[in-house]
Amino acid sequence: MATIDHQTNTILQANAQSTKEPVRPLANFPPSIWGDRFLSFSLDNSQLEAYGKAMEEPREQLRKSILNPNVDLNEKLSLIYSVYRLGLTYLFSKEIDGQLDTLFNHLNLESYHDVDLYTTSIHFQVFRLFGYKFSCDVFNKFKDCSSGEFKEDISKDVRGMISFYESAQLRTKGEPILDEANIFTETKLKALKKTLDGTLAWQVKHALDRPLHRGHPMVEARLYLLHFEDEISRYDSLVTLAKVHFNYLQLLQKEELQILSKWWKDLYSQVKTSYVRDRIPELYVWILALFLEPYYSQARIITTKIIQLVLMLDDTYDAYATIEESRLLTHAINRWDINATSQLPESIKPFYEILLREFDELHKQLPQQEMTNTVFEASKKSFQELARAYLQEAEWRHSGDVPSFEEYMRTGLISSTHDLLSSSAWIGMGKIVTQEAFTWYQTHPKILTASEIIARLHDDVMTFEYERERAATATGVDSYMKTFGVSEKVAIEAVVEIVENAWKDINEGCLKPREVPMDLLAPIVNLARMIDVAYKFDDGFTFPETTFKEYITLLFFESDSDKA
């Protein structure tokens with residue numbers, strides 16, 4: 001400690017003697033496209049109560065339909081599938097679990113011999129999405145026995161091909177037929193897209209751009225309501241409930257966004273960090289993907305605040321601080337002591353003070369329960385670990401070193417932020433977070449590692465060229481090229497394959513028997529989904545004029561109030 005403090009003082013003295021502003025790695029991020037638009041919202045409680053009451057009757061009708069013993073297998077699974085797609089599962093979780101348990105235990109794969117591709121795929125998706133290991137062998141019948149290839153005539157069934165493609169996204173390791181199905185359906189759908197128009201053309205394009213399993217759950221629910229009328233129009237109660245439910249959630253979420261927008265505006269004026277990306281609506285939408293249920297409101301607000309602090313930390317290391325300032329900041333964050341402020345340069349002090357204060361404020365707002373405190377402390381330690389990872393990456397940039405792929409990944413999994421954000425998401429989730437669940441989490445399970453891999457490497461594939469333009473930055477692509485002596489093209493292909501295998505681990509981790517409830521797995525899985533949303537085509541977070549603007553408009557500026 002004495003050596004570190006001596007180095008700190010030396011750096012501070014050197015900075016004090018210098019009158020020149022240091023050269024900073026500024027990124028010149030574009031400003032927010034929303035301004036103060038979300039600050040003026042005021043919740044109308046009478047409207048909220050009216051929506052709540054309007055949901056009661058269609059919800060009860062739908063519950064009876066789910067439990068109705070006279071509804072055949074196909075219709076029941078189609079209904080459950082639509083309930084899932086519309087984000088309504090949490091309203092019927094016990095009923096659905098009971099029905100699927102019974103149906104799965106009495107399932108006979110031989111009965112699928114004459115079932116069409118669309119129906120087979122829907123059944124497969126429903127059981128897999130709810131954690132049942134429905135056998136992929138059910139798709140063997142769609143292959144030609146002599147050639148071993150999928151039969152060409154199934155490509156004429158466009159709805160079946162879309163559903164088959166969605167099924168392939170749920171594959172785990174050791175399921176080559178689904179690997180083949182993914183390639184086959186993607187190729188055929190791309191060709192079909194050019195020949196279609198109307199709703200079916202939209203469905204094909206959207207599936208290719210954003211498969212359900214890699215989409216934002218709330219956005220996908222909204223789009224399903226708008227573009228899959230044929231699938232849901234048979235159930236008046238389902239359509240009515242979905243529309244009112246969306247309006248109900250929209251009011252609650254706009255209030256949460258107003259609270260967060262006010263918090264950030266106050267914070268932003270204090271810390272005076274013009275280099276930080278101003279992205280509260282985008283960050284809120286990101287966290288909204290983790291859990292849309294109304295009773296996780298506190299969890300959404302807490303996690304959005306923490307991800308904003310993470311963004312400030314990231315931009316401080318990546319787009320503002322010199323290497324000397326980064327070292328001082330890391331040392332102070334590891335101390336986590338307001339007295340460490342005196343060892344920081346004036347340019348970094350406001351951020352550090354706010355960081356400690358905001359974590360302290362969050363802690364005071366939490367119920368004083370043992371597990372809540374335990375998870376909160378773990379989140380704080382993860383933040384310290386993240387600072388060390390950011391410093392390591394800054395050291396690589398400063399020296400121009402490209403680490404080995406193994407070394408890069410050790411740091412990169414931490415700097416993906418998914419450990420910190422997953423644990424932070426649990427802070428406000430209440431009694432569902434037990435000691436047993438937290439013990440499981442601390443083992444750093446495979447599903448968490450997979451989410452981190454997706455975050456780190458998918459981001460790298462989409463942003464490495466932009467990062468190279470800014471500075472000599474080591475990315476997963478660069479490290480892979482150096483370690484294995486391959487071309488950029490080969491490195492990208494290899495990294496993409498690693499990401500695809502990580503998705504298989506996530507899918508495996510969601511299957512029963514699970515060691516923790518699905519609600520606790522959801523933040524880990526949905527964080528991975530949001531990486532695909534944000535970085536599939538470009539850096540959609542830093543430059544949010546396309547994907548995030550579309551999502552925010554869809555969720556907060558469009559309503560079904562005139563139709564419900």
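Predicted model only: the values in this text are computed from it and were never measured.
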What about [X] and [Y], are their ring centers closer than 6.0 Å?
{"X": "F228", "Y": "H206", "value": "no"}
{"X": "F127", "Y": "F134", "value": "yes"}
{"X": "F405", "Y": "Y480", "value": "yes"}
{"X": "F164", "Y": "F139", "value": "yes"}
{"X": "Y535", "Y": "H458", "value": "no"}

Could you tell me whether the side chain of [Y] reaches within less than 4.5 Å of the side chain of [X], counting heavy atoms only?
{"X": "E180", "Y": "E149", "result": "no"}
{"X": "L288", "Y": "L555", "result": "yes"}
{"X": "M371", "Y": "K431", "result": "no"}
{"X": "T303", "Y": "I306", "result": "no"}
{"X": "V126", "Y": "F130", "result": "yes"}
{"X": "T374", "Y": "F438", "result": "yes"}
{"X": "L178", "Y": "N182", "result": "no"}
{"X": "Y112", "Y": "V115", "result": "yes"}

Donor-acceptor side-chain pairing of [X] and [Y] below 3.5 angstrom:
{"X": "Y165", "Y": "S121", "result": "no"}
{"X": "R529", "Y": "H213", "result": "yes"}
{"X": "T439", "Y": "Q435", "result": "yes"}

- Query: Between T411 (side chain) and Y408 (backbone), is there a donor-acceptor pair under 3.5 Å?
  - Reply: no
- Item | Whether Q365 side chain and I302 backbone form a donor-acceptor pair below 3.5 Å | no
Cation-pi check, [X] to [Y]: give yes when NZ or CZ is under 6.0 Å from the six-membered ring centre and within 45° of the ring axis, no otherwise.
{"X": "R159", "Y": "Y118", "value": "yes"}
{"X": "R63", "Y": "F92", "value": "no"}
{"X": "R300", "Y": "Y284", "value": "no"}

- Atom pair CZ (R171) and CD1 (I177), whose distance is rounded to the nearest 0.5 Å: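 R171 atom CZ to I177 atom CD1 measures 12.5 Å (nearest 0.5 Å).
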- Message: For K156, is the NZ atom crowded, meaning more than 12 foreign heavy atoms sit under 6.0 Å from it?
- Response: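 At most 12 heavy atoms, drawn from other residues, nucleotides or ligands, come within 6.0 Å of this atom.
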